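All values below were derived from every heavy atom in this structure, side-chain atoms included, with hydrogens, water molecules and symmetry-related copies excluded. Owing to the predicted nature of the structure, the values given are computational and were not obtained by experimental measurement.
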Amino acid sequence: MSKQNDTVSTKHSVKKVWKNNLFLIRLCYTASPAYVILLTLDAARNQLSIFLEHTFGIGYVLEAAEFHYPFRQVAIFLLGLAAFITAEMLFSSFISDYIAVRELPKVRRKVKMALYEKAKELDLQCYDNPDYYNELVLAISEADKQIDRCITFLQNTAAGICTFVSTGIYFFVKDRFSILFAVVSFVMGFAFNQLYNKLSYEVRIRRNPHERKQEYVKRVFYLSDYAKELRLNPEAAGILYDDFEKANEQLYQVEKRYTKRKFWLDFMRQYVSNDFFSDVLYISYLVFKAAVLGGLSYSSVAILYNSFGQLKRGMRVFTDVYPYAAETSLYVQKILDFMDYEPQIKSERKLPVSDQAKALELKNVSFSYGGEYGNVIRNISLSVAPGEKLALVGYNGAGKTTLTKLIMRLYDTTEGEILLGGVNIRDYDVEQYRHSVGTVFQDFKIFAGTVTENVLLDLDQDTDLERVKSALTHSGLAERTKALPKGLDTQLTTEFAQDGINLSGGESQKLAIGRVFYKNAGLIILDEPSSALDPIAEYQLNHSMLEATENKTVIFISHRLSTTRLADRIIMLENGQIAEQGTHEQLLLLNGKYAAMWKAQAGQYIEA
């Protein structure tokens, strides 16, 4: 997606405007043809009904009164018109109360699912780019609104054509010159509407980052995740209030910057281009032609003036159709840019990956997130034997988590290569490769679902409940789940279930670790797997982990050096490079950086 800059692009070619709108129309049509077709027909029906009732019908009655038509003839006409309008009302009720209610969720689901499926393909680096993230949020948040705009666009077009044809023919028969007033109003309204809609889009884009900041502050104040922190640290609320006020001030400045231009453009498009022509110029023309020239009957004057408002509104639909489509096109382009994004992390040969432990090798690996900070990982070479237990240690910012993300192929190396079983991991099928790695992240998440669903994180219909129980036993959560009201079927979090259970931090971490035990992966990566556990639970977990992963390759990050003692080898990282490596005993004898960390943290409690 394009980066946001000071100059907001607000212009699309005519070809692109129609192409983007047709894309969204086709997407809605494939989801529900009945919804798109019937709502469009209903809009045309509505305009035809208005014409027959307010223009042709009233005109006929006025002429009948002025020229003394027979009562029987007028009564038959009115009864026929009433029957037609009744049938139309029944059709309209069917469309709005049944078809629209039933089919609209299908359309929205189709579009949203397409966006969510694409979101799953995004590279992790997309979330590191705030400009891209702004575009992503805008695309997804605008989806429902653009579906509504798409249908409105079709309805306005159908209504405009119906009004133009029916009322236009009527005016052509009664007084051709009257059409000139509508044409002039049309041309002026078209030009000013286009300018106004472009300006509205530019304002929306400039408001977006400030509105996102306001939304963030709002979430912090109403989500339970932050409730304790805000109450224990009231000064943080003050900082957030300031951020909210700054964002509000910035929104005010955006609106202030465009107020005068919006006012004058709105004045020109609403009054000068429309009301002035009908309420001043056109009525003067009709009075002159009827009273002075005698070219129109008084009933014709009344109905032409009354109907000119309808013709004007029909013509105004045409003035709004293209600018409306142009504005929709700008938003749809955001969705298209999002949908057209091609992941940078691709499968070069799509080789299958087995679940067996394999040798892992890093050759001269370097990595940078981009920008001015340079490489986070610097020329690391490392070999890990199948089944080896490897610990990564180091101070914050040393590159431990980044290195594991490279191994998981959430990012690709900037330089060097990573081999698994002697094959470059870029040659494996990306989805299969990632699925073959069992992981627990430091910032793991518990989802609003059952215990079983949170362990599986899969759509597997043939769930092996015994494996789930075994996984939770190894992670130390089995006794807790047995005590839950519905056992493995207990809902976690109270997001959607009033009787849901909120696990403690340590229990949640055990559940996350249970996911790894359930998964039959040859490579397991654990980022601070026991940070929320008490020492006894940590001790039990470590031994369960060694037992359950006997034939697996395990790489884990831990700041608790009492845990790293169990590793076959310890890698000490510093500034993105390997500073030291060896067993716990070897590193203590080396008396280097690892030994200093050990003495500072655990040496006074645990004898080496």
Side-chain angles (χ1 to χ4, degrees), residues 1-2 9-47 91-92 94-96 98-122 126 132 135-165 190 193-194 197-198 200-201 204-205 317-343:
M1 287 189 177
S2 58
S9 176
T10 59
K11 187 175 182 180
H12 282 171
S13 66
V14 174
K15 181 179 179 181
K16 177 171 279 192
V17 167
W18 296 121
K19 180 180 178 182
N20 286 354
N21 279 270
L22 286 174
F23 160 78
L24 194 56
I25 290 171
R26 283 195 299 268
L27 196 59
C28 293
Y29 181 82
T30 56
S32 176
Y35 180 77
V36 175
I37 293 173
L38 291 177
L39 261 72
T40 304
L41 287 177
D42 188 53
R45 175 216 55 79
N46 183 57
Q47 292 305 311
F91 176 77
S92 179
F94 171 74
I95 297 301
S96 60
Y98 179 71
I99 295 296
V101 173
R102 187 188 70 177
E103 299 297 316
L104 179 57
K106 293 182 182 179
V107 178
R108 287 183 170 169
R109 180 182 183 277
K110 174 87 174 179
V111 176
K112 282 293 182 69
M113 289 306 295
L115 291 171
Y116 295 156
E117 286 295 324
K118 173 56 72 171
K120 292 191 328 187
E121 300 176 8
L122 294 182
C126 295
Y132 182 92
E135 304 271 304
L136 166 62
V137 170
L138 183 63
I140 293 179
S141 64
E142 286 290 329
D144 281 349
K145 187 184 296 183
Q146 298 317 309
I147 291 171
D148 294 339
R149 287 179 64 90
C150 166
I151 300 302
T152 301
F153 167 74
L154 289 175
Q155 291 177 313
N156 287 349
T157 302
I161 292 173
C162 186
T163 300
F164 177 74
V165 172
F190 178 87
N193 265 310
Q194 193 170 19
N197 286 332
K198 286 184 177 181
S200 296
Y201 172 78
R204 175 72 179 86
I205 293 298
V317 168
F318 277 107
T319 65
D320 291 343
V321 161
Y322 182 78
Y324 190 90
E327 183 179 357
T328 302
S329 173
L330 295 169
Y331 289 110
V332 172
Q333 190 61 48
K334 300 292 184 185
I335 297 174
L336 283 171
D337 288 343
F338 174 58
M339 296 293 291
D340 290 342
Y341 174 80
E342 288 294 330

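Closest non-hydrogen pair, Leu24 versus Cys150, comes out as CD2-CB, 3.7 Å. What you find for Ala43 and Ala159 is that their closest heavy atoms are O-CB, 4.0 Å. In terms of heavy-atom proximity, Pro323 sits nearest to Asn197 at CB-ND2, 3.1 Å.
Note that the OG atom of Ser329 and the CG atom of Leu22 stand 10.5 Å from one another [nearest 0.5 Å]. Here Phe94 contributes atom CZ and Ile99 contributes atom CD1; the two are 4.0 Å apart, rounded to the nearest 0.5 Å. Rounding to the nearest 0.5 angstrom, the gap separating the CD1 atom in Ile161 from the CD atom in Gln47 is 11.5 Å. Between the NZ atom in Lys19 and the CG atom in Leu336 there is a gap of 8.0 Å [rounded to 0.5 Å]. In this structure, CD in Gln146 is found 12.5 Å from CG in Leu27, a value given to the nearest 0.5 Å. Put simply, CG on Asn20 and CD1 on Ile25 are 11.0 Å apart, with the number rounded to the nearest 0.5 Å.
A salt bridge links Asp42 and Arg45; the closest N-O separation between the charged side-chain nitrogens and carboxylate oxygens is under 4.0 Å.
Counting heavy-atom neighbours within 6.0 Å of Lys112 NZ, excluding the residue itself, gives a total above 12. Within a 6.0 Å radius of CZ in Arg102, other residues, nucleotides and ligands contribute more than 12 heavy atoms.
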Worked check of side chain to side chain contact (heavy atoms under 4.5 Å, CB included) between Lys106 and Lys110: CA-CA 6 Å; Lys106 293 182 182 179; Lys110 174 87 174 179; over 6 Å; no

Step-by-step side chain to side chain contact (heavy atoms under 4.5 Å, CB included) determination, Tyr324 to Asn193: CA-CA 8 Å; Tyr324 190 90; Asn193 265 310; over 6 Å; no

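Remark: of the listed residues Leu154, Leu39, Ile147, Ile147 is the sole one forming a side-chain contact (heavy atoms from CB on, under 4.5 Å) with Cys28. Only one option out of Val332, Asp144, Asn21, Thr328 pairs with Arg149 in a side-chain contact (heavy atoms from CB on, under 4.5 Å); it is Thr328.
Between Lys145 and Tyr331 there is no side-chain heavy-atom pair separated by less than 4.5 Å.
In this pair, Trp18 and Phe153 present their aromatic rings tilted. The plane angle is within the 30 to 60° band.
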